[in-house]
Amino acid sequence: LDLAKALGELGIWVRLHYVYPYPSVDDLIPLMAEGKILPYLDVPFQHASPRILKLMKRPASAENVLARVRAWRAVCPELTIRSTFITGFPGETDEDFELLLQFLEEAQLDRVGAFAYSPVEGAEANKLPDPVPEALREERRQRLMELQEDISTQRLERKIGREIEVLVEEADEEGAIARSQADAPEIDGLVHIPNGEHLEVGEFARVVALPDDPDTPLRGQLGGYKAVAWGAPIPLHEVKTVAKALGCTINDVLMSSVAGALGGYLRAQGFDTTDLTVRASVPVNLRAADDPLTLGNQFGLVFVDMAIG
């Protein structure tokens with residue numbers, strides 16, 4: 001705890017890995033809520049069946065872990081939890097495995113890795129009775145990961161439309177690639193910033209998460225302050241022009257008016273707006289900026305989805 005506090009005063013990203021779910025971890029969560037260390041825990045829960053945990057000689061129980069996860073998130077709602085699990089540990093029954101799946105449903109962990117049990121020379125577990133066939137170990141691993149994929153996707157989708165801080169790892173003329181606070185190097189995801197070509201590697205940036213697509217699981221838009229239609233950015237000064245034509249400021253434009261205004265603009269540009277819908281609209285003050293990249297963090301955003309007719 002003292003080390004974490006000291007590191008938290010350095011103004012750098014401090015991420016905790018391989019933390020066991022002991023009560024002492026509870027004392028770290030307030031540091032995460034205060035922004036001293038990253039709201040990220042890598043905790044190897046390994047299983048949820050009390051019987052299998054006992055065979056693994058693990059001290060935790062599923063009930064205690066679930067209670068602890070809820071308590072952590074109550075203190076730090078932005079907490080990202082990663083864990084690992086083993087399927088097919090010697091003696092694991094169908095009932096044990098179902099308990100594990102139920103645990104995942106309830107815990108709603110953000111990131112999960114799973115491994116099919118593999119005998120290691122000299123390991124005590126090799127002496128346990130009722131080994132699980134290799135094919136069944138792998139089948140259970142795949143079932144677990146399929147379930148967790150849905151859970152992880154749902155938790156990731158909660159970030160759409162929200163501003164997040166990222167650390168830039170790559171940048172070129174095609175944009176930038178970064179990591180968010182929820183993304184550990186090499187094992188978690190990446191944030192793709194299509195208009196981040198001017199960013200520098202190692203720089204921190206604020207982005208707004210946009211809806212995913214098959215190629216980029218989580219995309220960012222630098223500053224986030226652009227109207228996004230048909231996958232292409234519309235500069236805010238053009239949205240401002242539309243608002244002026246309507247005789248009002250963006251601050252006065254309601255959701256339906258935004259849709260109508262942008263629809264008229266897009267039709268004038270030759271787009272089919274049959275399926276134009278506004279996903280989110282936050283009023284903004286556009287007095288000072290024609291260039292959306294200069295708007296800063298105090299302004300809002302407009303997201304638009306449009307299908308080509």
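Computed from a prediction, not measured in an experiment: that's the story for all the values here.
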Look at the side-chain heavy atoms of Ile, Leu, Val, Met, Phe, Trp and Tyr, link any pair under 4.5 Å apart, and say whether Leu16 and Leu1 land in one connected group. yes
Mind running salt bridge (charged side-chain N to carboxylate O under 4.0 Å, His left out) on Glu170 and Arg179 for me, showing each step along the way? CA-CA 10 Å; Glu170 299 178 28; Arg179 289 186 291 109; over 6 Å; no
Answer yes or no: is there a donor N or O on one side and an acceptor on the other, between the side chain of Glu203 and the main chain of Glu200, under 3.5 Å? yes
Once rounded to the nearest 0.5 Å, what's the spacing between atom CD of Gln148 and atom CG of Leu101? 10.5 Å
Taking the six-membered ring where the residue is Trp, are the ring centres of His47 and Phe103 under 6.0 Å apart? no
For the pair Thr87 and Glu139, evaluate side-chain contact (heavy atoms from CB on, under 4.5 Å) and give the outcome as yes or no after the intermediate values. CA-CA 9 Å; Thr87 62; Glu139 177 189 326; over 6 Å; no
Val25-Leu3 co-clustered via ILVMFWY side chain contacts under 4.5 Å: yes
With a 4.5 Å limit on heavy-atom distance, are the side chains of Leu167 and Trp13 in contact? yes
Take the angle between the ring planes of Phe45 and Phe85 and call it parallel below 30°, perpendicular above 60°, tilted in between. tilted
Can you see whether Gln142 engages Glu138 through a side-chain donor-acceptor pair at a distance of less than 3.5 angstrom? yes
Does anything in residues 112-170 pair up under ring pair (Phe, Tyr, Trp, His ring centres under 6.0 Å), and if so which pairs, sequence neighbours excluded? Phe89-Tyr117
Is there side-chain contact between Arg73 and Ile81, with heavy atoms separated by less than 4.5 Å? yes
Show the nearest heavy-atom pair for residues Val19 and Val43, with the distance to one decimal. O-CG1, 3.0 Å
Going only through I, L, V, M, F, W and Y residues with side-chain contacts under 4.5 Å, is there a path from Val65 to Leu147? yes
To the nearest 0.5 Å, atom OG1 of Thr80 lies from atom CG of Asp110 at 4.5 Å
Which residues share a salt bridge (charged side-chain N to carboxylate O under 4.0 Å, His left out) with Glu105, sequence neighbours left out: none
Steps toward side-chain contact (heavy atoms from CB on, under 4.5 Å) verdict (Gln154, Glu149): CA-CA 9 Å; Gln154 291 169 17; Glu149 182 178 359; over 6 Å; no
Members sharing Val201's hydrophobic cluster (side chains within less than 4.5 Å): none
CA sep, side-chain torsions, deciding dist, call: Glu106, Arg70, side-chain contact (heavy atoms from CB on, under 4.5 Å): CA-CA 10 Å; Glu106 294 187 52; Arg70 295 187 188 105; 3.6 Å; yes
Within-4.5 Å side-chain heavy-atom neighbours: Leu55 and Ser49: no
Salt bridge (charged side-chain N to carboxylate O under 4.0 Å, His left out), that's the test. Do Glu146 and Arg143 meet it? Break it down for me. CA-CA 5 Å; Glu146 287 172 3; Arg143 285 180 58 194; over 6 Å; no
Should the heavy atoms of other residues, nucleotides or ligands under 6.0 Å from CD of Glu134 be counted, would the total exceed 12? no
Side-chain heavy-atom pair Ile193, Ile177 within 4.5 angstrom cut-off: no
Could you state whether Leu66 and Val75 fall into the same hydrophobic cluster, counting links through intermediate Ile, Leu, Val, Met, Phe, Trp or Tyr residues with side-chain heavy atoms under 4.5 angstrom apart? yes
Closest heavy-atom contact between Val69 and Ala107? CG1-O, 4.2 Å
Could you tell me the separation between the CZ atom of Arg111 and the CZ atom of Arg155, rounded to the nearest 0.5 Å? 10.0 Å
Evaluate side-chain hydrogen bond (donor to acceptor under 3.5 Å, both in side chains) for Asp150 paired with Thr153, printing each intermediate quantity in order. CA-CA 5 Å; Asp150 290 338; Thr153 298; 5.5 Å; no
Under 3.5 Å: donor-acceptor pair, side chain of Asp188, backbone of Ala184: yes
Is there a path of hydrophobic side-chain contacts, each under 4.5 Å between heavy atoms of I, L, V, M, F, W or Y residues, that connects Val132 with Phe97? no
How far does CG of Leu144 sit from CG of Leu104, to the nearest 0.5 angstrom? 5.0 Å
At their closest point, which heavy atom of Lys159 faces which heavy atom of Ala182, and how far apart are they? NZ-CB, 3.3 Å
Does the side chain of Leu190 come within less than 4.5 Å of Glu169's, by heavy atoms? yes
Interatomic spacing from CD1 in Ile12 to CD1 in Ile37 - rounded to 0.5 Å: 11.5 Å
Could you please spell out the steps behind the side-chain contact (heavy atoms from CB on, under 4.5 Å) verdict for Leu38 and Val14? CA-CA 6 Å; Leu38 292 183; Val14 179; 5.7 Å; no
A side-chain contact here means heavy atoms from C-beta on lying under 4.5 Å apart; do Ile151 and Leu109 qualify? no
Can you name the nearest heavy-atom pair linking Arg140 to Thr93, along with the distance? NH2-C, 3.6 Å
Quick one: does any side-chain atom of Asp130 pair with a main-chain N or O of Glu92 as donor and acceptor, under 3.5 Å? no
Measure the shortest side-chain to side-chain distance between Glu165 and Phe204 over non-hydrogen atoms and say whether it is less than 4.5 angstrom. yes
Measuring from atom CZ of Arg82 to atom OG1 of Thr84, what distance do you get when rounded to the nearest 0.5 angstrom? 8.5 Å
Determine, step by step, whether Arg15 and Asp42 satisfy the salt bridge (charged side-chain N to carboxylate O under 4.0 Å, His left out) criterion, reporting the C-alpha distance in whole Å, the side-chain angles of both residues, the deciding distance to 0.1 Å, and the verdict. CA-CA 9 Å; Arg15 189 186 307 276; Asp42 180 0; over 6 Å; no
When you compare the side chain of Ile52 with that of Arg58, does any pair of heavy atoms fall below 4.5 Å? no
Closest non-hydrogen atom pair, Gln181 against Pro39: OE1-CD, 3.5 Å
Heavy-atom closest contact (Asp96 atom, Gly91 atom, distance): OD2-O, 3.6 Å
